[in-house]
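Convention: sequence-line order gives letters A, B, ...; per-chain numbering from 1.
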Amino acid sequence: MRQSSELPFYDQILTATVAGVTITYSQFGKGNIAPDTATVAGWISRSPSGHGDLTMRPFDAARQLGIDVKTFSGTFCQVMSQQYPNLPAEYQPDGIYPNAYYKDVGATVGDVLAGYEAAGPAYGSSDSGVGKTVIIDYSSPNIAKPFGVGHLRSTVIGNSLYRILTKVGYKCVGINHLGDWGTQFGKMIVAFKKWGSEDVLRADPIHALFDLYTRFHREAKEHPELEDDARSEFRLLEQGDPEATKLWQRFKDYSLDEFNRIYDILGINFDHHTGESFYNDKIQPVLDELDQKGLTTISREALIVDLEAHKLGACLLRKGDDATLYATRDIAGILYRHENFGFEKCLYVVGAAQALHFQQVFKVIELAGHDFHKGLVHVPFGWVRFEDRAMSTREGNIIFLDDVISKATELAHDIILEKNPDIEDVDGTALAIGVGAVVFSQVSVRRTKDIDFKWEAALSFDGETGPYLQYTHARLCSLMRKYGKELPAQINYALFGEPEEMDLSIESASYAEKIRHAAEEYEPFVIASYLINLAQKFNAYYQKHRVISDDTALTDARIKLCDLVRFVLGDGLRLLGITPLERM
RNA sequence: GCGCCCAUAGCUCAAUUGGAUAGAGCGUCUGACUACGGAUCAGAAGGUUGGGGGUUCGAUUCCUCCUGGGCGUACCA
């Protein structure tokens, strides 16, 4: 259900509509069948373009009355116009729909602008999350692998959700659950001992580690016994073997340096970097607890929780050689997080391929009798593919994020020099644009969609892209600079008369609702899509109507509206993790 | 084999969660800078929503079958 909406005059129209519906019901001889306000609120929404401003779904009402929708809508509109001649909107039937049309552009735009004036920088915020903590587990790259565009998605989506959920009132805790433990480190250790070189590792750690990792998998195809070596190296590591631990620490340090450099470029922060290894000494008590509750069994030499009864197979906790698995560490992680943060929700921004894993882990928590299992949410996303194949570090089919960002930045640099060579910080601006394009590419489709990585698309700055939004924002800032004065406290709303102005203000007024929607669905795309729409509307308006003119009163009014759009675009870009620019 | 996901314009994606004439961008074609940023805007062309059947006032959306693809399915994460 929508909350009391930011749409113009929504509350007034809703109240009148509730009364109008009641009267209409009575007219059909059904007595006073009065739907409550909340119910009617669910019926009212913005009209699709070309059908007025607000509309009401007539189906439920008509069904309850046992009449056809067209008759209902006609009668309803008649009742509304007779009973509420002073309402700021007028109802007119359009086929089966009773549509509301705002009568007065000035009053409508004014109502929106007054809302913006009152809210200030908090515009768009709401309070559904106030007093609640949400943990967001995102990015979580595997150490000892280069940061590819595949890792980008979790990072970008998680970071954006962090900002969106903060905007609806949650206290967010961002955790980078680094993949710094597990058999993969056994592999790295084996590979380094066999083929590694100190000099190469020191000179270019990231590529050296990447080469070792891919070489391991290449060689393991011919020599499967390498896998056994890796497993026993990991077992040694888990038992605290000094030599293995030392190597592991070095791999981890090198990788972290690299990751932090990239997070810095992307402008992404975490509250905690507690990776898988963090839980190493917290595993045994968890296993004891599960054992005590009678959940564990031994099967084929491994310690498992049998979830066959729930059609979830088996959740492995300990391998035959006693080493732990990622499920074990995730379970320990959940218990640790609940104890230390007391979360309302705990989100895992992790690829869809791991759906079963999380179902299993969550089920184990549930079976252990922890009712906070209800707050555990897997927020899945699709693959990033390249040339029709899944990107796979193992096979070396990977695009380095670094390369993507530097190419995009280079291109942005060229365009700036061509179009706007005088701006102060060319390098910084080019970087913001390059990153903006890359980040936007990750939120420009719904999460669950697979993305085909194409250089052409990643390097496009035209149309529905991050730079398009940044450009629109920069234009608005440029307009403000040209205006050059403080925004007026008082403006004459009656000067608004263009349909584009009404459209633009109503669109801006939907911002808070879009944020709530994005927060409910854990879907940054909702914001991205909304901003594109808003920017398109602004650009169309801007092309068609002069904002700054000799008419100072009209200029003041229009500037005020433009300032609202500027704010929403800038604020929305930040929610996505993209830097709004003032010049570009 | 079993389970989950996907299929919409030439391409990449939307569609207020079952509602009005299925909409955007890219690409193609035609236009707009002696006015606030042309990384822009206006317009045109482009569709049997993979296929069949069903549910109902109404289906891109829900059910079923088929085709085509992806992922998962015990010691990787």
*Do A:Phe453 and A:Trp455 have ring centres separated by under 6.0 Å?*
yes
*asked:* Side chains of A:Ser47 and A:Asp53 only: does a donor on one sit below 3.5 Å from an acceptor on the other?
replied: no
*Is A:Lys560 salt-bridged to A:Asp563, cutoff N-O under 4.0 Å?*
no
*Taking atom types as modelled, find out whether A:Thr472 and A:Asn539 have a side-chain donor-acceptor pair closer than 3.5 angstrom.*
yes
*Using purine N1 to pyrimidine N3 plus N6-O4 or O6-N4 for Watson-Crick, or N1-O2 and O6-N3 for G-U wobble, both under 3.5 Å, which nucleotide pairs with B:U56?*
none
*What is the base-pairing partner of B:C13, counting Watson-Crick and G-U wobble geometry with both distances under 3.5 Å?*
B:G23
*Closest to the A:Leu325 side chain: B:A77, B:C41, B:A20?*
B:A77
*According to a strict under-4.0 Å criterion, is A:Tyr468 in side-chain N/O contact with OP1 or OP2 of B:C41?*
yes
*A:Pro48 has a side chain; which of B:G70, B:A20, B:G37 sits nearest to it?*
B:A20
*Base, sugar-phosphate, or nothing: which does A:Gly320 touch, judged by heavy atoms less than 4.0 Å apart?*
base
_Please tell me if A:Lys311 has a side-chain N or O lying less than 4.0 Å from either OP1 or OP2 of B:C4._
no
*asked:* Without decimals, in angstroms, what is the distance between A:Leu581 CG and B:G37 P?
replied: 16 Å
*Could you tell me which nucleotide pairs with B:C36 by Watson-Crick or G-U wobble geometry, both distances under 3.5 Å, or answer none if nothing does?*
none
*asked:* Rounding to an integer number of angstrom, what distance separates B:C63 and B:U56 when you compare their C1' atoms?
replied: 13 Å
*asked:* Is there aromatic stacking of A:Tyr542 on B:C36 here, judged by a ring-centre distance under 5.5 Å and a plane angle under 30°?
replied: yes
*Taking the side chain of A:Gln543 as its heavy atoms from C-beta onward, which of B:G37, B:U16, B:C41 lies nearest to it?*
B:C41
_Any strand: nucleotide that pairs with B:G43 via Watson-Crick or wobble, under 3.5 Å_ = B:C29
*Between B:C6, B:C71, B:G37, spot the one nearest the side chain of A:Ala353, thanks.*
B:C71
*Hey, is the side chain of A:Arg329 poking within less than 4.0 Å of OP1 or OP2 on B:A77, counting only N and O atoms?*
yes
_Taking the minimum atom-to-atom distance to the side chain of A:Arg231, which one of B:U73, B:A77, B:C76 wins?_
B:C76
*asked:* Mind checking if A:His357 touches a base, just sugar-phosphate, or nothing, with heavy atoms under 4.0 Å?
replied: nothing
_For B:G38 and A:Arg475 - does any side-chain N or O of the residue sit under 4.0 Å from the phosphate oxygens OP1/OP2?_
yes
_Ion pair A:Arg235/A:Asp321, N-O distance below 4.0 Å_ = no
*asked:* Looking at A:Glu219 and A:Lys187, is any side-chain nitrogen of the basic one under 4.0 Å from a carboxylate oxygen of the acidic one?
replied: no
_Just to be sure I understand the rule, does A:Ile304 reach a base, reach only the sugar-phosphate, or reach nothing, if contact means heavy atoms closer than 4.0 Å?_
base
*Can you tell which of B:A77, B:A42, B:G25 lies closest to the side chain of A:Gln536?*
B:G25
*Length of the line joining A:Asp452:CG and B:G70:C1', which is rounded to integer Å*: 11 Å
*Quick one: which of B:G70, B:C76, B:U73 gets closest to the side chain of A:Asp450?*
B:G70
*Using atom P of each nucleotide, how far apart are B:U12 and B:A7 to the nearest Å?*
12 Å
*Under-4.0 Å side-chain N/O to phosphate OP1/OP2 contact, A:Arg446 with B:A15*: yes
_Closest nucleotide among B:C36, B:G37, B:A74 to the A:Ser299 side chain_ = B:A74
*Of the nucleotides B:C13, B:G38, B:A74, which has the atom closest to the A:Leu316 side chain?*
B:A74
*Under a 3.5 Å limit for both distances, which nucleotide forms a Watson-Crick or G-U wobble pair with B:U48, could you say?*
none
*For A:Glu520 and B:U16, what is the distance between atoms CD and C1' respectively, to the nearest whole Å?*
12 Å
*Applying a 3.5 Å limit to both distances, which nucleotide forms a Watson-Crick or G-U wobble pair with B:G3?*
B:C71
*asked:* Should the side chain of A:Thr183 and the base of B:A77 be counted as holding a donor-acceptor pair, with the cut-off at 3.5 Å?
replied: no
*Taking the side chain of A:Lys187 as its heavy atoms from C-beta onward, which of B:C76, B:C36, B:U73 lies nearest to it?*
B:C76
*Counting only side-chain N and O atoms of A:Ser460, is one of them less than 4.0 Å from OP1 or OP2 of B:C26?*
no
*Is it true that A:Trp181 and A:Phe234 have ring centroids separated by less than 6.0 Å?*
yes
*Which part of the nucleic acid, if any, lies within reach of A:Phe461 when heavy atoms closer than 4.0 Å are counted: base, sugar-phosphate only, or nothing?*
base
*asked:* With a 3.5 Å cut-off and heavy atoms only, can you find an N or O donor on one side and an acceptor on the other between the side chain of A:Thr55 and the base of B:A20?
replied: yes
*Establish, from distance only, whether the side-chain atoms of A:Glu238 and A:Thr324 form a donor-acceptor pair under 3.5 Å.*
yes
*Look at the side chain of A:Asn539 against the base of B:A42 and say whether a donor-acceptor pair falls under 3.5 Å; ignore hydrogens and angles.*
no
